[in-house]
Each structure stands twice: as C-alpha cells, then as structure tokens.
Amino acid sequence: MILYKINKIIFEFIESLDDLTNEDLISIKSKINTLISENLERGHITSNACLVAGNILKTNPKALSEKLKEILIEDAAIENVEIAGPGFINLYLTREAFYSVVDDALLKEETFGNSNSGKDKKIQIEFVSANPTGPLHVGHGRGAAYGDACARLLSATGCKVEKEYYVNDAGRQMDILTTSVILRQINISDDDFPASAYKGDYIKNISNNFKSQSSKDATFSFDISKFSDADPEKQIDKIIDFLKTDNEDLWFAIKKYALDNVLMSIKNDLEEFNVKHDEWFFESTLGSTLNQDSDISKSINLLTEKGKTFEKDGAIWLQTTAFEDDKDRVLIRDDGRATYFASDVAYHKNKLDRGFDKIINIWGADHHGYIKRIEASLASMNFDKNKLQVCLVQFANLFQGGSKVKMSTRSGEFFTLADLIENIGVDASRFYYLSKQADQHLDFDLDLAKSDKKENIYYYIQYAHARIESLNEKFINMSIGSSKNTIKNGEYKNCDKIIHELMRYPEIVQRAADNMHPHIIIYYLRDLAHTFHSFYNDNHVLSESEDNLSSIMSALNALKIVFGNALNLLGISPLNKM
RNA sequence: GCGCCUGUAGCUCAGCUGGAUAGAGCAACUGCCUUCUAAGCAGUGGGUCAGGAGUUCGAAUCUCUUCAGGCGCGCCA
C-alpha cells in the first residue's frame, strides 16, 4: 500500500536527522500521524511528522518540512507536495497511484481492508454467557452483536479468534429454574407462586412439554404454605431443599430437561441473530471442591501454594487487595462450598491454560467491579494479567412511540431478543446495537429503525449499496468493455471523492479493531454513503460516454466491495434491491 | 463514601493515540424528480464543546477541580 511506502520514507527521513536520541525516535514515531486526508483540499495524504519532530527536537518544523518535501517529491507515486499551516505536509499522488486503490479493491474483493497486523495471534473472546434460566433479552443482544463484531474485526486483522459462551449451569440459579418448573407441574397458582421463582411463560411451556414427554410425574403432596418466609430468598431455598431431597429422581430429570430446553432456545436465538459460538463451556465441568483433581480445586490449591490465600471466619479468602482490589474475596464459604468467584478463577485459569495469547471478556457494565478481583487472581497465579482484556457493554434502553419500553424481568414479561428481531429484523438490530460505543448507554429507537427516512442510517447505507447494484445490472446489459482509462488519465474526475474515501477503508478497519470499536465502521459507512448519494445525484452515470461509463463502474464496483466488506464486519448482509 | 461511565447545535449523536475553519441527521426555512431507486441531493440559520484552572507552539481531546446525571460496590449467581 502507498501509505506504507510513504511512512517508510518519512521514518527514514526522521532517522537521518542530527542530534536524535533513540528515545526521541521512539517518541516521534509513536506520535506521527500519516493518514489519508479527510478532505481532498488537503491533498490525498497528510502528515504531521515535521510538527511532531520539530516539537521534540526543538527545531523549526517548517524547515524540516522543506527538507522532507525535497525527498518525497522524488518518489514516482507523488505528484506534488505542499507545506501547510505550521508544518503539515500534504501529498498529492499521481493519477496512477491515486487510482491504484480501485484496482486493489477489485483484485482483493472480500479481503480488501484486511491486514495481518494481528500476526496469527490466538485470541479467545467470550461473550453473551447469559445464565441459562430464560430467553435472551435485549441487553444480551447488545453483547452478542458487539462480541461477534469484535471477533470479525480481529479476524480481519489477522488474529485467530475463538468465540466462547460460558454456561452457568452450576449453582443456585439452576436450582431456582428447576424449582420453578416443578412448581408449575403441580399447579401452584400465580398468587402463591414464590416471588423469587421464574414466572415467564417459557417456564410453563417447559413444564407442559416435560409432562407430555416423560413418564416421571410430580405426584407428591406439596403445601406451599409450609414454606412461607418473610424473605423470599429463604422461602425458595426451603422449597429447593425439600424438592431436591424428597424427589431426587424428578429433580434431576427436570433439571436436565429445563437446562437443555433453555439452552436450546438461547442457541436458536443466537443462530437467528447470525452469531455462532465455537465453544460452549459448562461451568459444571470445573468440578467441585470435593474432587481434588477438579479445576476448582487445582486453582485454589495453586493459589494456596503461592501463599495468596488465608483463612478467616471459617472461610478461605484470596488476598485480592494485594492487587488494587477494594477488599479481599472469599473463595470457599464457611460451609465448604465454593463461591461463584472461585468458579470464575478456575475458569480463567482454564482459559489461559488453553494457550491463548489473549482472552477477552465481554461483560455487562454492571460487572465492572469484578475486573480487579479476576486480575488479582490471575496475577496471584503468576499469569500475565494483561492477557485478559475486559470490555464492558452498557445497557440498552428500547424506545417506542417516544417512551421507554418497560422491561420487567420479575413478572417474567420482557422484550426478548427474539421479539426485537421479529420487530425490526436481524440486520437493523445489529446495526443499531453497534451504532454507539459499547461502554456507553444506548437508546435504541424502534420507530427509527423501521422508518424510511434518511435519519434511519441503516437504510441510508443499504440504499447506497442497492443503487450501485442496480446501476451495475444495467451496465452489464449494455455489454461495454472495461477500460478504466478516463479516470486513470485524469480526464474524468467526478468520482475522485469516492476513490479518496475508499483509500481510507483499510485504516478504518485497523482503527476499529485496535480499539474494539465497531461503531467506527458505522460512521465511516454513513460518510461513504453520503459521498455516493451526492455523486449519484450530480452525475447521470448511464448517459456518460462509454469510456467514462466503464471507468465509473470500476470505481463504483470497488465502492460496492467496501460497502459489502464493511457491513460484513458488522455481521450485516448488504441489500442488492430495496 | 469509594470505583467506573457520561455532559458537544433545540433533539439524537460523531469527533477524544492533542493538530490546520468543531461535524452529521432530525426539527425550521429554500430549492432539485418527462432520464439510472426522491428510502436521495443542494443550500440557509443554529455552538462560551457543563463551569473553572493547568500542561502545550496548539486542547472538545491530556491533568486537576467544581457542578449535574447514570451505573456498580454481598461468604448472590
């Protein structure tokens, strides 16, 4: 790529300067920005190299830029060099070099924009990982869209990415799910239904389906009033104890059935949403403290060997305060059971033991308090805690008819991911989920996502793609050769703005991947669509001369490739017709 | 109280690895369809980038501070 070459020339120039220490060089290199310009008025490529070097070396940036200009102008791809403002360098490429991006895109097609900056790094990204106690809701949808888009971005920069879902199939929430289903079996009325149990319709469905498929029957006598307790948590615990011990067969049959069912529905929702995990890791496989060979025991033993644990009040603690945590955390309760934290420690050890160069967790923002303690546990086991990167996803609020859509999980009525997809479709959902930086609150406007006005950027972008496709079909029917001369030789310059925007694409992908910011792609697409629509209005393409027409279509086909590739990074299919 | 995030045009948001006049869309007003998809284009007006201080040749962007809003702080999962 042309940018790479120019960067090399600039770096060589900097290195040749007098009185340059190694430190200066590193600092200068890290601050230099040599980019495709945002605006053709500033040349094709612009660099702040001389400003940065001038500042650090305490010399006049303008004098530096004069020298650099002499060197750059020698390059065959560069037609002109301008010095602007306090010492910016603005480069103009020759027609040939300028046009080369079109050939490059047409040649590389779906790999255009990709790089190998990730150098085959093995990265695991864990996302969604919702508790298997009910259907995915719109909050999970955001994590799903974000995690999947990040995986695509990282793959595009050459990383080997594995997507994983962590299934919390051990612990109390599974007991509550099981209990909820059993209580539906024995027809506890809605009024008597425990406050802490799950009440959604899906529970009733699971219950009914189990009844019709299994010979096991809930025929024991059960009087809910015997379990009453002012604290709903204690109430449900009493019921769990009873059901577990007195009806073991039924308990395990239903537990398995319920988990399988919920998991199946989660998998279906994700598949529908165009998200596919490579691995499903079950918490239960981490084992328990009763088994010395389990992952849980091994990680706790390791921490103990390293002298990081201590006993207090009958419990075993990890001294996470040694690594910036607010307080120390319990690994094993005074009754001998492991905490959720202990499972998490074992799980993260397991992940790193699998040999990933980096593990990424996509977590709900409400979990941000957990980052320190996990990092502390990894550091305590002598892992490099920088191998773990946690990305937080803020909540999404749905708006419809100008007001917030209520989402009450307690009553079991919520707007599920499946509802959202049914409402506005997979692609528009993914698009709007990704339209804002993940760690910030998102107001998701359902009316906007369905609107047919320009304010609906999703359609605005798709419309550009569809228009190109439509032109292309007509062009193909005209059977004209594929000369690109009039753009190459500069006779026809009306697509220059489009070509110029195309040149930015690889650097946009790189930036989006480096920062894990898929929304950068969205705003780039919006600008790209605007450039295209503007061109389309000003130029009646099909009535151009044959030479111009075929030239234009080569540029537009390159543009179409970029639209397609960029949308694909977001997991969205481009529309050919609208 | 502690931690994280946010505050940019009337509204919804970009821009934040410091850079050249702070950008879009909506809303308001004005134009553009006998020709390729008007789900479009062109234009006008609209800003003390929450307030203050600092670092810098240069700050919406970095540091400190004040104010306002959101979220999180269990031997829950």
Side-chain angles (χ1 to χ4, degrees), chain A residues 30-33 37-39 41-42 46 48 51-52 54-55 58 60-61 84-88 90 131 133 168 170-176 196 233 283 312-317 324-327 329-344 364-372 392 394-395 397 399 435-437 439-443 445 448 451-464 466-475 511 514-515 519-520 522-524 526-527 529-530 532-544 549 575 577-578:
Chain A
S30 74
K31 285 182 179 169
I32 287 183
N33 270 335
S37 68
E38 304 217 340
N39 189 324
E41 283 159 28
R42 291 182 188 164
T46 176
N48 66 349
L51 285 177
V52 171
N55 183 22
K58 302 291 171 211
N60 184 348
F88 288 101
N90 293 339
N131 284 342
T133 54
N168 292 109
R172 202 172 87 105
Q173 79 281 2
M174 284 308 302
D175 291 341
I176 297 178
S196 297
E233 299 303 319
E283 181 188 1
K312 197 180 96 184
D313 304 332
I316 294 177
W317 299 64
E324 296 175 53
D325 198 8
D326 298 338
K327 47 182 290 193
R329 309 290 169 175
V330 172
L331 286 166
I332 300 181
R333 300 182 183 92
D334 54 9
D335 64 6
R337 290 177 305 139
T339 59
Y340 182 80
F341 174 53
S343 301
D344 252 356
D366 53 333
H367 283 66
H368 90 261
Y370 297 81
I371 299 173
K372 282 275 187 290
L392 298 178
Q394 273 289 1
F395 294 115
N397 289 316
F399 282 80
S435 66
K436 215 183 156 182
Q437 203 167 308
D439 60 1
Q440 289 173 27
H441 290 274
L442 171 71
D443 287 340
D445 188 335
L448 175 65
S451 119
D452 59 0
K453 298 209 190 91
K454 183 179 177 179
E455 60 181 314
N456 184 353
I457 326 170
Y458 170 67
Y459 279 112
Y460 182 71
I461 291 165
Q462 291 282 25
Y463 188 35
R467 272 180 153 178
I468 297 175
E469 179 54 25
S470 166
L471 283 179
N472 207 29
E473 274 177 25
K474 295 191 169 70
F475 171 68
R511 224 176 80 217
D514 289 347
N515 298 300
H519 76 283
I520 288 176
I522 289 200
Y523 286 94
Y524 171 72
R526 187 195 61 182
D527 292 345
H530 180 243
F532 168 75
H533 286 307
S534 182
F535 168 82
Y536 185 90
N537 260 268
D538 291 345
N539 300 278
H540 195 268
V541 176
L542 295 180
S543 42
E544 284 287 342
L549 180 50
L575 297 175
K577 272 206 167 59
M578 287 176 70

Exercise. Taking C-beta and beyond as the side chain, do A/Arg329 and A/Lys372 meet within less than 4.5 Å on heavy atoms?
Worked result: no
Exercise. With a non-hydrogen cut-off below 4.0 angstrom, is A/Arg42 in contact with a base, only sugar-phosphate, or nothing?
Worked result: base
Exercise. Side chains of A/Glu283 and A/Met174: closer than 4.5 Å at any heavy-atom pair?
Worked result: no
Seminar exercise, completed: From CH2 of A/Trp317 across to P of B/G74 the rounded distance in Å is 11 Å
For this session: Would you indicate what A/Lys577 reaches in the nucleic acid, counting non-hydrogen atoms under 4.0 angstrom: base, sugar-phosphate, or nothing?
Result: base
Problem set entry | Donor-acceptor contact present, side-chain A/Thr339 to main-chain A/Ile332, <3.5 Å | no
Exercise. Quick check: does any side chain N or O of A/Asn456 sit under 3.5 Å from a backbone N or O of A/Leu448, one acting as donor and the other as acceptor?
Worked result: yes
Exercise. Which whole-number value in Å describes the distance from A/Asn131 CG to B/C76 C1'?
Worked result: 11 Å
Problem set entry | Nearest-angstrom distance, C1' atom, B/U21 to B/G47 | 14 Å
Exercise. How far does the P atom of B/U30 sit from the matching atom of B/G45, given to the nearest Å?
Worked result: 15 Å
For this session: In whole angstrom, give the distance that lies between atom CG of A/Leu331 and atom P of B/A77.
Result: 13 Å
Exercise. Taking syn as any angle within 90 degrees of 0 and anti as the rest, which one fits B/C33?
Worked result: syn
Exercise. Considering only the P atoms, how many Å lie between B/U8 and B/C57, rounded to the nearest integer?
Worked result: 31 Å
For this session: Could you please spell out the steps behind the side-chain contact (heavy atoms from CB on, under 4.5 Å) verdict for A/Gln440 and A/His519?
Result: CA-CA 12 Å; A/Gln440 289 173 27; A/His519 76 283; over 6 Å; no
Under 3.5 Å, N/O pairs linking protein and nucleotides 59-64 of chain B:
none

For this session: Find out whether A/Val541 and A/Phe475 are in side-chain contact, i.e. whether some heavy atom of one side chain is under 4.5 Å from a heavy atom of the other.
Result: no
Problem set entry | Working for side-chain contact (heavy atoms from CB on, under 4.5 Å), residues A/Asp334 and A/Asp313 | CA-CA 7 Å; A/Asp334 54 9; A/Asp313 304 332; over 6 Å; no
For this session: In whole angstrom, give the distance that lies between atom CZ of A/Arg337 and atom P of B/C75.
Result: 13 Å
Problem set entry | Between B/C64 and B/C5 - P atom distance, rounded Å | 12 Å
For this session: Over 60° means perpendicular and under 30° means parallel, so classify the ring planes of A/His367 and A/Tyr370, tilted if in between.
Result: tilted
Problem set entry | A/Glu455: partners by salt bridge (charged side-chain N to carboxylate O under 4.0 Å, His left out), with sequence neighbours left out | none
For this session: Could you tell me whether A/Ala338 contacts a base, only the sugar-phosphate backbone, or nothing, with contacts defined as non-hydrogen atoms closer than 4.0 Å?
Result: nothing
Got a list of protein N/O to nucleotides 11-14 of chain B N/O distances below 3.5 Å?
unit_1 : atom_1 : unit_2   : atom_2 : d
B/C13  : O2'    : A/Tyr523 : OH     : 2.8

Exercise. Using atom P of each nucleotide, how far apart are B/C11 and B/A27 to the nearest Å?
Worked result: 15 Å
Exercise. If you look at every strand shown and take non-hydrogen atoms under 4.0 Å, does A/Ala315 touch a base, only sugar-phosphate, or nothing?
Worked result: base
Seminar exercise, completed: Whole-Å distance, A/Asn33 CG to B/G19 P, equals 8 Å
Any N/O pairs under 3.5 Å between the protein and nucleotides 26-30 of chain B? List them or say none.
none

Problem set entry | Side-chain N or O of A/Ser534 closer than 4.0 Å to phosphate OP1/OP2 of B/A42 | yes
For this session: Using whole Å, report how far NZ of A/Lys31 lies from P of B/U56.
Result: 13 Å
For this session: Remember a base hit wins even if backbone is also touched, and classify A/Asp313 as base, sugar-phosphate or nothing at under 4.0 Å, heavy atoms.
Result: base
Exercise. Within the pair A/Tyr370 and B/C76, is there a side-chain N or O less than 4.0 Å away from OP1 or OP2?
Worked result: no
Exercise. Where does RNA chain B form stems of at least three consecutive Watson-Crick or G-U wobble pairs, each pair having both distances below 3.5 Å?
Worked result: B:1-7 with B:67-73, B:10-13 with B:23-26, B:28-32 with B:40-44, B:50-54 with B:62-66
Exercise. Is any N or O donor-acceptor pair between the side chain of A/Asp366 and the base of B/G72 shorter than 3.5 Å?
Worked result: no
Seminar exercise, completed: Whole-Å distance, A/Asp538 CG to B/C32 P, equals 16 Å
Exercise. Measuring from A/Leu392:CG to A/His368:NE2, what's the distance to the nearest 0.5 Å?
Worked result: 8.0 Å
Exercise. So, the side chain of A/His441 versus the backbone of A/Asn397: is there a donor-acceptor pair under 3.5 Å, distance only?
Worked result: no
Exercise. Under the 5.5 Å and 30° test, is A/His540 stacked on the base of B/C36?
Worked result: yes
Problem set entry | Separation between the P atoms of B/A50 and B/G7, rounded to whole Å | 7 Å
For this session: Go through A/Val330 and A/Phe341 one step at a time and tell me if the side-chain contact (heavy atoms from CB on, under 4.5 Å) criterion holds.
Result: CA-CA 8 Å; A/Val330 172; A/Phe341 174 53; over 6 Å; no
Exercise. Ring stacking, A/Phe88 with base of B/G19, under 5.5 Å and under 30°?
Worked result: no
Exercise. Do A/Arg333 and A/Asp335 meet the salt-bridge criterion of a basic N to acidic O distance under 4.0 Å?
Worked result: no
Exercise. At under 4.0 Å between heavy atoms, what does A/His530 touch on the DNA or RNA strands: base, sugar-phosphate, or nothing?
Worked result: sugar-phosphate
Exercise. In whole Å, what separates the C1' atom of B/A22 from that of B/A60?
Worked result: 7 Å
Exercise. When only distance counts, do a donor and an acceptor, one from the side chain of A/His367 and one from the base of B/G72, lie under 3.5 Å apart?
Worked result: no
Seminar exercise, completed: Taking for A/Val330 and for A/Asn48 the nucleotide of RNA chain B with the nearest heavy atom, the one nearer the 5' end belongs to A/Asn48
For this session: Indicate, with a heavy-atom threshold strictly under 4.0 Å, whether A/Asn55 touches base, sugar-phosphate, or nothing.
Result: base
Problem set entry | side-chain contact (heavy atoms from CB on, under 4.5 Å) assessment of A/Ile32 paired with A/Asn48 | CA-CA 6 Å; A/Ile32 287 183; A/Asn48 66 349; 4.1 Å; yes
Exercise. Under 4.0 angstrom, heavy atoms only, what part of the nucleic acid is A/Thr133 near: base, sugar-phosphate, or nothing?
Worked result: nothing
For this session: With heavy atoms under 4.0 Å as the rule, sort A/Asn90 into base, sugar-phosphate or nothing.
Result: base
Problem set entry | A/Asp344: partners by salt bridge (charged side-chain N to carboxylate O under 4.0 Å, His left out), with sequence neighbours left out | none
Seminar exercise, completed: Taken to the nearest whole Å, OH/A/Tyr536 to C1'/B/A42 is 17 Å
Exercise. When all nucleic acid strands are considered with a 4.0 Å heavy-atom cut-off, which category describes A/Asn60: base, sugar-phosphate, or nothing?
Worked result: nothing
Problem set entry | Donor-acceptor contact below 3.5 Å, side chain A/Asn55 vs main chain A/Leu51 | no
Exercise. Considering all heavy atoms of both residues, which atom of A/Arg467 and which atom of A/His533 are nearest to each other, and what is their separation?
Worked result: NH1-ND1, 3.0 Å
Seminar exercise, completed: Note: for A/Asp335 and A/Ser30 on RNA chain B, the residue whose nearest nucleotide lies more 5' is A/Ser30
